Amino acid sequence: MTKQEWPLYEVFIRSRSGLSHRHAGSVHAADDEMALNNARDTYTRRSEGVSIWVVRSDRIVASDPAETSAFFDPAEDKIYRHPTFYEIPDEVENL
Amino acid sequence: MYTQGLDQAGKGDPGARGEETAAQLDAFQARIDAEEKIEAKDWMPEAYRRTLIRQISQHAHSEIIGMQPEGNWLTRAPTLKRKAILLAKVQDEAGHGLYLYSAAETLGVSRDQMVGDLLSGKAKYSSIFNYPTLTWADIGAIGWLVDGAAIMNQIPLCRCSYGPYSRAMIRVCKEESFHQRQGYELMLTLCRGTDEQKAMAQDALNRFWWPALMMFGPNDATSSHSAQSMAWKIKRFSNDELRQKFIDVTVPQAEFLGLTVPDDNLKLNEDTGHYEHSDIDWQEFFDVISGNGPCNKQRLAKRCKAQDDGAWVREAARAYADKKAAAEVAA
């Protein structure tokens, strides 16, 4: 008999159309189809979703929390990307 | 969530502990003090990880074992409506167990490991589920008192410092309110029924009151894990604080039902606004926790049988998935 557990899938749910999918949790399943069914039974028992994505957890590529500052650093000193960087006289409207 | 690759952080791993520097621990505590959430792959002290694994997995086990006392009445619910409600509730408990196992897995423990610890008797679960459900009124008492006590415990856990646990608890709490209200409504229906029905409700309250109070755990003075869990903001209130809150809100609910709380010393202290109560029989609590409650053996045996009976299904599903995957590669 097999001792190995079923693979883990991450579950993403769109709660209603117009909104993005959002991470809900995870489920174990033998295959993709079962992962969808298990995700539905586990995370949408009260109509919390209109669409579900499932993806094998080991297929997700994630940034490393230990490297967070270095990884996101390039954006930190570019304050000119924000509209508040620019000084516009008060009398100029609609800008 | 991202459990793969985290499995090496086992308990008692001297390497992992030895690498923790004072600076790391201070930085971690600073994040906690700033009310930052800790996420799965963030650095955390091994003791924090172990505490959470123990607590979240015990919590998950409690949900799963908790299906049994109520599941016991599914086929004997008095009406189709009550049966549908109970079925939905028991299904929710399974769901709560799954949310929590999933949160615990983010800490690097596998589902198989947790289930194995439950089935071998190594892991603990809430003492309350080792009491039998003798009458239909017990289903009402469980929803009202047991789920009520659980809500009291779980609402502060929504603000727990560990992100995946906190998110699972938010989901659980949203669903828990239905559990408590259906239980109270069931009690109300019995209390407005015949004398026998009301006596049945009183009997259920008599049997579940004290075990429900024990759900909050030992007195603060004797609770071994409390101080550190408070500092880490895993816990926000002490056992006794939560127990007192529960008593204060529940006694008036019992009075509305016309039922008597089984405690001769229960009285409202006008100065503090809190109810005073008799001492809890902690010997009973420790007996039940250590495996000698009325139903411990039965609960575990039933869980083991379910796991064994399902083995061929899990195996067949895996074989089917492997076969399908092989066919896709060939095509």
Side-chain angles (χ1 to χ4, degrees), chain A residues 1-16 19-50 52-73, chain B residues 1-6 24 31 38-44 87-89 91-106 110-116 163-165 167-168 170-172 174-175 177-178 308 311-325 328:
Chain A
M1 81 162 248
T2 167
K3 282 297 283 178
Q4 207 191 351
E5 62 187 21
W6 289 342
L8 193 65
Y9 286 76
E10 300 302 318
V11 179
F12 300 83
I13 293 171
R14 185 201 295 286
S15 55
R16 56 187 163 83
L19 296 177
S20 319
H21 285 74
R22 191 171 168 185
H23 186 246
S26 58
V27 292
H28 284 275
D31 59 28
D32 296 353
E33 191 189 342
M34 191 194 286
L36 266 183
N37 288 328
N38 287 355
R40 177 201 58 195
D41 293 346
T42 308
Y43 293 103
T44 64
R45 287 192 304 285
R46 288 175 178 76
S47 312
E48 290 96 334
V50 294
I52 300 179
W53 290 347
V54 290
V55 59
R56 283 270 298 252
S57 306
D58 56 8
R59 304 274 165 82
I60 288 182
V61 182
S63 63
D64 181 355
E67 301 290 327
T68 296
S69 54
F71 190 72
F72 293 102
D73 181 51
Chain B
M1 288 148 212
Y2 314 118
T3 57
Q4 284 89 355
L6 282 167
Q24 276 178 314
R31 290 191 67 193
I38 308 302
E39 293 296 341
K41 287 175 134 190
D42 293 353
W43 186 88
M44 62 185 85
L87 199 55
K89 182 176 187 298
Q91 210 180 8
D92 273 354
E93 305 301 354
H96 296 177
L98 294 176
Y99 305 157
L100 287 159
Y101 281 131
S102 146
E105 284 176 273
T106 64
S110 73
R111 182 80 58 99
D112 276 356
Q113 172 77 47
M114 288 185 278
V115 170
Y165 192 26
R167 292 192 289 274
I170 290 170
R171 197 173 277 278
V172 167
K174 276 185 188 163
E175 300 179 355
S177 178
F178 140 60
D308 291 345
W312 72 269
V313 180
R314 293 192 299 278
E315 247 178 280
R318 178 171 271 285
Y320 175 71
D322 289 347
K323 196 171 151 188
K324 224 170 46 169
E328 272 167 30

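First the proteins, then the strands, lettered A, B, ... as listed; each starts at 1. Source: prediction; values computed, not measured.
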| query | With a 4.5 angstrom heavy-atom cut-off, which part of B/Tyr320 approaches chain A: side chain, backbone, both or neither? | reply | side chain
| task | Pick one of side chain, backbone, both or neither for B/Glu39, based on which atoms fall under 4.5 Å of a heavy atom in chain A. | result | neither
| said: What part of B/Asp322 gets within 4.5 angstrom of chain A, counting heavy atoms only: side chain, backbone, both, or neither? | reply: neither
| Sequence neighbours excluded, which residues qualify as side chain to side chain contact (heavy atoms under 4.5 Å, CB included) partners of A/Val54? | A/Tyr9, A/Val11, A/Ala35, A/Leu36, A/Ala39, A/Ile52
| Can we say A/Arg46 and B/Asp92 salt-bridge, meaning some charged N sits less than 4.0 Å from an Asp/Glu carboxylate O? | yes
| message | Could you work out, with side chain to side chain contact (heavy atoms under 4.5 Å, CB included) as the rule, every residue matching A/Arg59, not counting sequence neighbours? | response | A/Val55, A/Arg56
| Which region of B/Lys174, side chain (C-beta onward) or backbone (N, CA, C, O), has a non-hydrogen atom less than 4.5 Å from a non-hydrogen atom of chain A, or is it both or neither? | neither
| query | Which pair of non-hydrogen atoms, one from A/His21 and one from A/Phe12, has the smallest distance, and what is that distance? | reply | CD2-O, 3.7 Å
